[in-house]
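This report refers to the structure that appears directly beneath it.
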Amino acid sequence: MASIESDNNNLIPEEITEIPPPPEKPHSPSLQRHVAFSVVNENEEIDNNNSSSAVTTTEESASSSENPDTGGSEQSSITVDSVCLEATLRPVSVRSSTSAANLESLCEQTGSAGKCNGNTPKSGGAVKSNGANGYFQHPIPIAEHPMVKEAWSLLEKSYVYYKGISVGTVAASDPSAEALNYNQVFVRDFVPSALACLMKDPPDTEIVKNFLLKTLHLQSREKRIDNFTLGEGVMPASFKVVIDEKNERVKEILEADYGGTAIGRVAPMDSGFWWIILLRSYVKSTSDRSLADQPDVQKGMKLILDLCLSDGFDTFPSLLCADACCMIDRRMGIYGYPIEIQALFFFALRCAKNMLKEVPDNKELLDKINSKIKALSYHIRTYYWLDYTQLNNIYRYKTEEYSHTALNKFNVSPESIPDWLFEFMPLRGGYFIGNVSPARMDFRWFLLGNCIAILSSLATPKQASAIMDLIEARWDELVGEMPLKISYPALEGNDWNIITGFDSKNTRWSYHNGGSWPVLLWLLVSACIKTARPQMARNAIELVEKRLSNDGWPEYYDGKTGRYIGKQARKFQTWSISGYLVAKKMLENPANLLLVSLEEDKTIAKPKLIRSASWSN
Ligand code: GLC
């Protein structure tokens with residue numbers, strides 16, 4: 001690694017990366033959206049130089065002012081910088097960085113419930129501006145939207161009770177389909193439900209607290225699969241309440257699955273990370289650190305991190321994973337170093353760093369966390385990043401380079417670049433690819449990892465903006481008729497045979513293999529709010545509102561554009577319901593972003609190389 005700087009200097013220098021015009025087709029709906037949006041916004045820019053573009057949450061940056069949001073216990077502020085919301089067709093001209101007041105202004109712009117003035121936003125374009133905030137107004141207050149009302153009621157019905165207290169939400173309640181394990185509380189599925197409960201008015205913090213404590217209790221159980229005992233820190237993938245009738249006294253017990261009964265028997269690597277992230281959301285929402293400070297909770301966090309920070313044979317800071325270890329819990333060729341896990345790992349490290357007590361006993365762990373945050377962010381920001389310029393670099397790679405000066409660090413053969421990518425890659429925009437390991441770059445797009453990278457600030461602000469540019473430019477492919485593609489493109493033919501092992505659930509453009517998952521809406525909308533693209537969020541929400549409730553809140557949709565209800569999709573899938581609610585609450589009140597977002601850690605060095613025009617504008 002000694003020659004990283006000189007290596008980077010050998011690549012495309014910043015100065016020569018001319019900004020090409022945006023590549024959208026003239027008839028592209030997303031282009032129309034942009035043009036209309038920019039025009040309206042231009043007026044606003046004249047009216048109000050402080051109008052906001054990017055919302056970032058300050059978690060670690062020093063701020064002397066007391067924060068009412070956290071009761072002063074945690075330093076936190078909102079910074080909103082730069083003008084020109086979504087105006088990617090012209091360069092951002094003014095940048096300003098202010099705090100709290102800007103959040104209010106953004107809240108107004110995104111139209112809080114009750115501030116309705118009758119300006120109905122139209123899909124695919126901006127509506128008439130009415131002063132500073134006209135085109136964000138809601139046709140009816142969010143809380144009274146019939147779909148929102150239905151969603152809250154369904155969410156409440158999905159509650160799972162244990163000894164009289166709510167401890168989570170069931171994955172799906174589809175009376176027409178076999179329950180399989182969908183009658184369980186999945187850790188990852190509960191995250192949007194928990195966020196919805198925290199954002200609710202008034203919030204239901206109890207269910208979140210109970211869930212955190214019950215899953216913590218399950219972590220401390222001995223976990224065996226056949227004769228093998230899993231690591232102490234492993235969190236369950238899911239659990240259910242069963243009635244134990246063995247003893248004379250009938251009692252409820254919690255039965256957990258740590259991967260042993262899941263398809264493929266893979267432990268969920270994401271569960272522990274989601275647990276830490278949710279714990280921080282809870283602390284943020286309640287302004288109460290006492291739960292996080294409890295000794296058992298502190299221990300739970302440490303056990304999760306111990307699993308991932310132990311020394312081994314790694315030459316990369318990224319986490320080595322088995323296929324099927326996260327949301328994509330079937331074989332899909334994501335083994336190795338999938339972006340989803342790397343981004344969640346980074347997010348969890350940063351959350352834990354904030355919540356672990358600064359006591360002498362934690363010093364070693366905190367040092368390890370700090371080093372990992374630095375190394376991991378460098379690794380992902382540098383080697384996973386792909387845009388037009390970097391694609392061109394890889395296309396011209398030489399192989400068989402020995403020594404530190406190798407440009408092609410992983411000995412990736414340019415022949416391994418798939419044909420679809422040359423078409424897909426816009427001139428403006430970029431993303432973190434699916435996986436990087438020796439001689440292998442998985443160029444597929446995965447939404448979850450990219451959005452988590454934005455929310456955790458694993459992506460630099462320029463990278464975050466470029467990711468959103470890419471989604472905008474490839475709206476038809478990645479959003480289509482129903483948000484959002486979990487992965488793109490689908491594996492077909494021989495690739496499908498070999499990579500999925502002929503998986504009949506993951507056929508092309510279905511389920512994990514290029515299917516469209518409404519739950520992902522909350523992640524997109526949060527990323528939109530963070531990068532100040534509320535209109536893009538609104539466009540995605542509109543698509544969901546056209547069908548999701550009428551279709552019975554399915555788990556996923558199939559087809560290239562997501563037109564068909566998924567072949568084996570459960571109806572009344574809870575995270576489709578709660579994902580929608582979180583998206584609505586986020587748009588209604590952008591301050592909700594604070595629950596799921598971290599500001600850039602200024603102590604982490606940015607990658608030296610700026611590879612593409614889309615980074616620098
Ligand atoms: C499917 C999904 C998984 C989810 C589970 C419960 O198996 O792939 O991510 O947690 O269903 O909804």
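Note that the numbering runs from 1 along the sequence shown for the chain. In each ligand, atom 1 is the first atom listed, and ligand 1 is the first ligand listed.
The ring-ring contact (aromatic ring centres under 6.0 Å, His included) analysis of residues 168-199, with sequence neighbours excluded, yields the pairs Phe190-Phe211.
The side chain to side chain contact (heavy atoms under 4.5 Å, CB included) search around Ala262 returns Asp257, not counting sequence neighbours. Checked against side chain to side chain donor-acceptor pair (under 3.5 Å), Asp204 has the following partners two or more places apart in sequence or in another chain: Tyr159.
A salt bridge links Arg533 with Asp469: the distance from a Lys NZ or Arg NE/NH1/NH2 to an Asp or Glu carboxylate oxygen falls below 4.0 Å.
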Table of N or O contacts for ligand 1, cutoff 3.5 Å:
from     : atom 1 : to     : atom 2 : distance (Å)
ligand 1 : 7 (O)  : Asp329 : OD1    : 3.2
ligand 1 : 7 (O)  : Asp329 : OD2    : 2.8
ligand 1 : 7 (O)  : Tyr511 : OH     : 3.3
ligand 1 : 8 (O)  : Met327 : O      : 3.0
ligand 1 : 8 (O)  : Asp329 : OD1    : 2.7
ligand 1 : 8 (O)  : Tyr511 : OH     : 3.4
ligand 1 : 8 (O)  : His512 : NE2    : 2.7
ligand 1 : 9 (O)  : Arg188 : NH1    : 3.4
ligand 1 : 9 (O)  : Met327 : O      : 2.7
ligand 1 : 10 (O) : Arg188 : NH1    : 2.9
ligand 1 : 10 (O) : Asp189 : OD1    : 2.6
ligand 1 : 12 (O) : Asp189 : OD2    : 2.5
ligand 1 : 12 (O) : Gln573 : NE2    : 2.9

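Aromatic ring orientation, Tyr488 versus Trp509: tilted (interplanar angle from 30° to 60°).
Formation of a donor-acceptor pair under 3.5 Å by the Glu340 side chain with backbone atoms of Phe446 is not found in this model.
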